[in-house]
2 protein chains.
Amino acid sequence: MTTNRAALRMKPRRQQAEEALAKIIASMKTGEQLPPEPSLARQLGVSRATLREVMRTFVERGMLVRRHGVGTFVSSRIPALEAGLEVLESIDTIARRMGLKTEVAHLEIVERPATPTEARGLDRPEGCDVLVVTRVISVEGEPVADLRDVVPLAYLRARELGDGFRGSVLDILLNKPALLLVTSKTQISVAKATEKFARRLGVPRGSALLKMTAQLYSYDDKVVAFSTSYFVPGHFQFHVMRKVSRR
Amino acid sequence: MTTNRAALRMKPRRQQAEEALAKIIASMKTGEQLPPEPSLARQLGVSRATLREVMRTFVERGMLVRRHGVGTFVSSRIPALEAGLEVLESIDTIARRMGLKTEVAHLEIVERPATPTEARGLDRPEGCDVLVVTRVISVEGEPVADLRDVVPLAYLRARELGDGFRGSVLDILLNKPALLLVTSKTQISVAKATEKFARRLGVPRGSALLKMTAQLYSYDDKVVAFSTSYFVPGHFQFHVMRKVSRR
DNA sequence: ATAGGCAAGATGTCTGACAAGTCAACCGGT
DNA sequence: ACCGGTTGACTTGTCAGACATCTTGCCTAT
């Protein structure tokens, strides 16, 4: 077999170098200067051209600043993405990284036709069949989020959510190699807790909730999932690193 | 004078190519394939290595997807940053782009020692002298945001805010070439309108507001400004494009 | 029909060179 | 002693060409 499976393909050298450089950056203080490109390339075992492509990604993320004729400097090490919004991750993944335990409550999994709002969010005809997963996520016993994911049946069926379902539809979608998810567009707003949400989240009725709605896009720009989340403030700290518009 | 001023320095070829490629991408449909690198490089008048660095930035932003041995494809054209959070812009700039008029009310400009909270946000000793600018921004007559910017006097003085001050401290800081601002870290949460905010923003007391606090960093990672903003929901739609964590 | 080989064409990487910017040390004239 | 320009070392920016590797589809031998 000449075609090798994606799973056991070796990492491209660029990616190896990227991880290695990330470690180097993490070990340096802010404002410190990196070694010159030629020696850094030798150190990482790649050519200067490849190294420069790698560095470009870090510049794009705002972690490195280059000054022509002077050098390359560590700008701000985004601290291993604590709960930053640049990268889409499931609450479960974030909580696990912070060493916290999550539980699922009020779990409800149904297959039914999409409502008009859901159809619009999915960019699909109204009434198309979708899988709807609703649940409340608790971290260390405290309810922190009310989540609803809507996915067309073509992408996910109810039976694929095994009994070990920990509440993350996203993690399941990410593990379907055929989908090749790329980006998510997340809208941010606020909402007041209705009677129902107040009861489910254990907060006073009318208290302010952080509301996020998101569309998950595959590489060909199809909407794979449409999700609505309500977060109880104070439990998760969301932040986003923003680039200053370049001159 | 052998050293030329930053203002009239020619754009590096990479940046020219970046802008040209952005236009090409914008003119293409999603999923469409780009020309091969060699011909694209010729078309843009740069070498393949430079073109690849440029492409890397678009890949990093999720606008291009590359498949080894196959080609490069247009993924999703982030629609010319409507009010996305990836790039830091002033409300004034956003509103102007949308063709709306802004006004400033309750403007208050004082120089005084920093409060403990402000000092912590600025990562400076408590009581250091700062410039504090507070105001309410209205768009088309409707109050939409209550803003407070805190800047150490070393970076900005009250007298630098001319009489034509349109409410954007950010735009003034961006136009100070010596600062070289790079990134901003913005925390997102919610708050309920207190008596004071309710009156200033013309909303019922206790209604939910979107709260953002941000630190503005210069290239050497000094905090140049610390700002707190309260947004009336519904007037601005904030969203953020999130990358899926790479495998 | 089908499996295997093969070649075309795409991205991935490397090498070595030169261009351009920055900074500091140096040096001559005042 | 001071000031101004020059030089040179060192950095990032860009280039050209070559080869490696991956994917795909065609084409042939079975």
Side-chain angles (χ1 to χ4, degrees), chain A residues 1-21 25 31-60 63-75 177-178 180 219 246, chain B residues 1-21 31-60 63-75 177-178 180 219-220 246:
Chain A
M1 83 165 84
T2 152
T3 47
N4 44 8
R5 307 173 167 286
L8 43 87
R9 178 171 47 217
M10 238 188 48
K11 282 184 188 174
R13 293 172 73 83
R14 200 208 90 247
Q15 194 170 335
Q16 292 179 254
E18 189 169 323
E19 292 166 10
L21 182 56
I25 293 175
E32 204 174 339
Q33 182 170 5
L34 257 67
E37 292 177 358
S39 71
L40 196 51
R42 266 197 311 279
Q43 184 179 336
L44 298 180
V46 295
S47 74
R48 225 188 117 206
T50 301
L51 171 63
R52 281 184 60 84
E53 276 197 52
V54 170
M55 289 179 129
R56 176 70 50 204
T57 75
F58 288 101
V59 170
E60 180 66 20
M63 297 166 73
L64 290 180
V65 173
R66 317 179 85 160
R67 292 208 280 156
H68 189 177
V70 182
T72 307
F73 301 84
V74 176
S75 167
L180 192 50
Y219 86 99
R246 70 189 85 249
Chain B
M1 68 163 105
T2 154
T3 47
N4 44 7
R5 307 175 167 284
L8 42 89
R9 178 168 50 215
M10 238 188 49
K11 283 184 188 176
R13 293 173 75 84
R14 199 210 88 247
Q15 193 170 337
Q16 293 179 250
E18 189 169 321
E19 291 165 11
L21 183 55
E32 205 174 339
Q33 181 171 4
L34 258 68
E37 292 178 358
S39 72
L40 197 52
R42 267 197 311 279
Q43 184 179 336
L44 298 180
V46 296
S47 75
R48 226 189 115 207
T50 302
L51 171 62
R52 281 184 61 83
E53 276 198 53
V54 170
M55 288 179 130
R56 176 71 50 206
T57 75
F58 288 101
V59 169
E60 181 67 18
M63 297 168 72
L64 291 180
V65 173
R66 317 180 85 156
R67 293 207 280 155
H68 189 175
V70 182
T72 306
F73 302 85
V74 175
S75 168
L180 190 50
Y219 85 98
D220 55 354
R246 72 189 83 248

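FYI, side chains are in, hydrogens and waters are out, and symmetry mates aren't considered; it's all heavy atoms of this structure. Sequence lines set the chain letters: A, B, ... in the order given, protein chains first and strands last, and positions in each chain run from 1.
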Rounded to whole Å, CZ of A/R48 lies from P of D/dA18 at a distance of 21 Å

Does OP1 or OP2 of C/dG12 have a side-chain N or O of B/R66 closer than 4.0 Å? yes

Can you find a side chain N or O atom of B/R52 that sits less than 4.0 Å from OP1 or OP2 on C/dG12? yes

Would you indicate which nucleotide in C/dT13, D/dC15, D/dT12 comes nearest to any side-chain atom of B/V46? D/dC15

Measuring to OP1 and OP2 of D/dT11, would you say a side-chain N or O of A/T72 lies under 4.0 angstrom away? no

To the nearest Å, how far apart are A/L40 CG and D/dG13 P? 13 Å

Is there a donor N/O on one and an acceptor N/O on the other, under 3.5 Å, for the side chain of B/H68 and the base of D/dT23? no

With a 4.0 Å cutoff (strictly under), does any side-chain N or O of B/T50 reach OP1 or OP2 of D/dC15? yes

Here the distance between atom C1' of D/dT24 and atom CD of B/Q33, to the nearest Å, is 12 Å

For C/dC14, does either OP1 or OP2 sit under 4.0 Å from a side-chain N or O belonging to A/R13? yes

Which is more 5' along DNA chain D, the nucleotide nearest A/M55 or the one nearest B/S47? Just name the residue. A/M55

Let me confirm one number: the OG1-CZ distance from A/T50 to A/R13, rounded to the nearest 0.5 Å. 8.0 Å

Spacing between A/E37 atom CD and D/dT14 atom P, to the nearest angstrom: 11 Å

Considering only NZ, NE, NH1 and NH2 on the basic side and carboxylate oxygens on the acidic side, decide whether A/R14 and A/E18 come within less than 4.0 Å. yes

Compare side-chain N and O positions of B/R67 against OP1 and OP2 of D/dT23 and report whether any pair is under 4.0 Å apart. no

